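Notes follow once the structure below has been shown.
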Amino acid sequence: MRLRQAWRTPAPRLAALFALAAALALGGCATAPAGGAAPTPASKLDPWENFNRKISTFNEALDDAILKPVATAYRDVVPELVRDGIENVLGNIYDVRSVLNHFLQGKLQSGLEMGMRVLTNTLFGLGGLLDPATEMGLTRRSEDFGQTLGRWGVPDGPYMVVPIFGPSTVRDTFGLILDRETSPAAIPQTDTGRYATFGVEAISLRARILDTTQLLEDVSLDKYTFIRDGYLSRRRDALYDGAPPLEDFGDDWEDEPEAPAAPAAPAAPAAPASAPAPTPK
């Protein structure tokens with residue numbers, strides 16, 4: 001009975017969908033390059049590109065049909081003050097998750113600072129409607145469970161596109177399952193409340209990036225590749241707190257023997273001294 005009630009909540013069903021998507025990708029799309037050729041760096045990062053492109057096309061069609069029009073209407077109709085308040089409340093809840101992940105990663109100082117941020121916005125920001133913490137210098141340092149897994153050595157795994165949620169990796173997809181368990185949508189006690197909160201999350205986020213996505217469509221030649229490379233770069237940067245290690249391009253050039261120096265040109269023979277001029281008698 002308890003298992004049946006638990007399955008009725010969105011979070012376990014969402015986790016099952018993620019697991020199913022990962023299983024489909026792992027089972028049906030990991031194909032070796034034709035002809036036994038060595039894979040290129042892009043194919044190592046994105047071995048399931050054909051499948052990912054199909055999911056990306058599905059997500060874009062869903063966005064164009066539903067999410068983008070609703071987010072546009074939300075931005076145009078709802079006053080900015082109200083939209084900012086909703087974003088602040090959602091952000092304050094996300095900050096609670098960030099506090100937990102800071103501590104799980106062993107970042108005690110930043111975890112305490114984020115905890116002070118949550119406490120300040122909750123007490124003096126009317127439950128998170130306002131953001132006085134930022135004005136006090138307590139800036140947001142977002143952390144998620146995908147970053148925590150990476151912090152403890154879990155590799156990224158191949159790039160994958162998750163239905164509805166978009167770009168991810170195998171590691172970040174498992175982290176996303178945990179993130180959803182600590183999201184605002186996990187707070188309401190009814191299914192209707194959870195779905196409604198999840199809808200508000202999605203619409204608020206989509207409205208905030210409307211201009212960015214329009215610019216992306218205007219300037220990118222291959223939208224899929226642009227998003228993939230940008231996502232992987234941003235996640236690497238976030239994992240190392242903005243200071244990723246330099247990539248190793250190899251030191252083969254240092255092992256090559258130095259070319260022998262060219263022999264010096266022989267010195268020109270000295271000109272014979274001229275005979276002394278005869279002295280006149």
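It should be emphasised that the depicted structure is a prediction, and the values quoted were computed from it without experimental measurement.
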Would you say the side chain of [Y] lies within less than 4.5 Å of the side chain of [X], judging by non-hydrogen atoms?
X      : Y      : result
Arg117 : Asn92  : no
Arg83  : Arg208 : no
Leu104 : Phe145 : yes
Val96  : Thr182 : no
Arg53  : Thr225 : yes
Tyr74  : Ile86  : yes
Asn52  : Asp46  : yes
Pro184 : Tyr94  : yes

Where do [X] and [Y] come nearest, in terms of heavy atoms and distance?
X      : Y      : answer
Arg171 : Leu239 : NH1-CD2, 4.3 Å
Gly111 : His102 : CA-CB, 3.6 Å
Ser98  : Ser142 : OG-CA, 3.4 Å
Val162 : Asn59  : O-ND2, 3.2 Å
Arg194 : Ala185 : CG-O, 3.2 Å
Thr139 : Met114 : O-SD, 3.8 Å

Would you kindly confirm whether [X] and [Y] end up in one hydrophobic cluster when ILVMFWY residues are joined by side chain heavy atoms under 4.5 Å apart?
X      : Y      : result
Leu119 : Phe124 : yes
Val154 : Val170 : no
Val82  : Ile203 : yes

Quick one: pull up [atom1] in [X] and [atom2] in [Y] and give me the separation to the nearest 0.5 Å.
X      : Y      : atom1 : atom2 : answer
Phe103 : Leu100 : CZ    : CG    : 9.0 Å
Leu210 : Thr72  : CG    : OG1   : 4.5 Å
Asp179 : Glu181 : CG    : CD    : 10.0 Å
Asn121 : Asp131 : CG    : CG    : 4.5 Å

Begin from the C-alpha positions of Leu232 and Thr169 and carry the test side chain to side chain contact (heavy atoms under 4.5 Å, CB included) through to its verdict. CA-CA 8 Å; Leu232 294 176; Thr169 61; 3.8 Å; yes
Does Lys223, at its NZ atom, have more than 12 non-hydrogen atoms belonging to other residues, nucleotides or ligands within less than 6.0 Å? yes
Tell me, yes or no, whether the heavy-atom count around Glu217 atom CD, taken from other residues, nucleotides or ligands under 6.0 Å, exceeds 12. yes
Note: [X]-[Y] ion pair, threshold 4.0 Å (strictly below):
X      : Y      : result
Asp95  : Arg141 : no
Lys107 : Asp241 : yes
Glu201 : Arg180 : yes
Arg97  : Asp144 : no

Start with the C-alpha distance between Arg75 and Asp211, add both sets of side-chain angles, then the distance that settles salt bridge (Lys or Arg N to Asp or Glu O under 4.0 Å), and finish with yes or no. CA-CA 11 Å; Arg75 183 190 62 180; Asp211 295 335; 3.4 Å; yes
Gln105 and Gln147: side chain donor to acceptor below 3.5 Å: no
Between Tyr224 and Glu49, does the side chain to side chain contact (heavy atoms under 4.5 Å, CB included) criterion hold? Intermediate values first, please. CA-CA 10 Å; Tyr224 171 85; Glu49 181 175 350; 3.8 Å; yes
Verdict with supporting geometry, Arg235 and Asp172, side chain to side chain contact (heavy atoms under 4.5 Å, CB included): CA-CA 9 Å; Arg235 290 298 290 176; Asp172 288 345; 3.0 Å; yes
Ser204/Leu90 under side chain to side chain contact (heavy atoms under 4.5 Å, CB included): CA gap, chis, key distance, verdict: CA-CA 9 Å; Ser204 177; Leu90 295 175; 4.1 Å; yes
When Val161 is tested against each of Thr57, Ile227, Ile55 for side chain to side chain contact (heavy atoms under 4.5 Å, CB included), which residue passes? Ile55
